[in-house]
Amino acid sequence: IFNSNGSPVHHSSAGMENHGVMAGLTKREMMAMHMMSALVSPMMDDVLQYKDSSEWLKNMTESAVEMTDTLLAELEKSQ
């Protein structure tokens, strides 16, 4: 979905334009944030015990984005 200037409409600020520039998160960014939260929340206590959790976080981040893109692609099919 795009605004009158051709910019993507952002979920967190739909209709809040500032000189043709939209602020906030895109639908994809918002969904990825929620996917990441769902993946990470149940395991955070365990993860915080390790000194270097960067590889684990990288994997979780990639998984969240992949899940988001898969969901969006599936939703596109049903339109």
Side-chain angles (χ1 to χ4, degrees):
I1 300 173
F2 297 93
N3 66 13
S4 59
N5 297 309
S7 298
V9 173
H10 292 65
H11 178 273
S12 58
S13 63
M16 297 176 63
E17 264 186 75
N18 182 18
H19 304 289
V21 177
M22 296 299 288
L25 300 174
T26 64
K27 185 189 301 185
R28 180 176 184 254
E29 291 166 338
M30 182 71 76
M31 291 172 69
M33 178 183 70
H34 288 290
M35 294 286 188
M36 182 72 172
S37 177
L39 287 171
V40 172
S41 291
M43 299 176 260
M44 259 338 261
D45 289 337
D46 295 334
V47 172
L48 293 175
Q49 293 178 18
Y50 298 102
K51 290 183 180 178
D52 184 17
S53 58
S54 60
E55 186 65 27
W56 182 85
L57 287 172
K58 180 179 181 276
N59 289 337
M60 289 295 106
T61 303
E62 289 171 355
S63 294
V65 171
E66 184 178 339
M67 289 168 48
T68 298
D69 289 343
T70 301
L71 176 58
L72 288 171
E74 193 61 33
L75 291 170
E76 288 274 327
K77 288 181 192 176
S78 64
Q79 288 184 356

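For the pair V65/R28, a side-chain contact is recorded, criterion being any heavy-atom separation below 4.5 Å from C-beta on. Looking only at side-chain heavy atoms (C-beta outward), M36 and T68 stay at 4.5 Å or farther from each other. Within the 4.5 Å cutoff, the side chain of T61 has no heavy atoms near those of the W56 side chain.
Remark: L75 CG to K27 NZ distance equals 7.5 Å, nearest 0.5 Å. In this structure, L57 CG and E62 CD are separated by 11.0 Å, a value rounded to the nearest 0.5 Å.
A donor-acceptor distance shorter than 3.5 angstrom exists from the side chain of E29 to the backbone of T26, with no hydrogens or angles considered. Checking side-chain atoms of S37 against main-chain N and O of M33 turns up no donor-acceptor pair under 3.5 Å.
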- Stepwise side-chain contact (heavy atoms from CB on, under 4.5 Å) check, M67 with L39: CA-CA 11 Å; M67 289 168 48; L39 287 171; 4.0 Å; yes
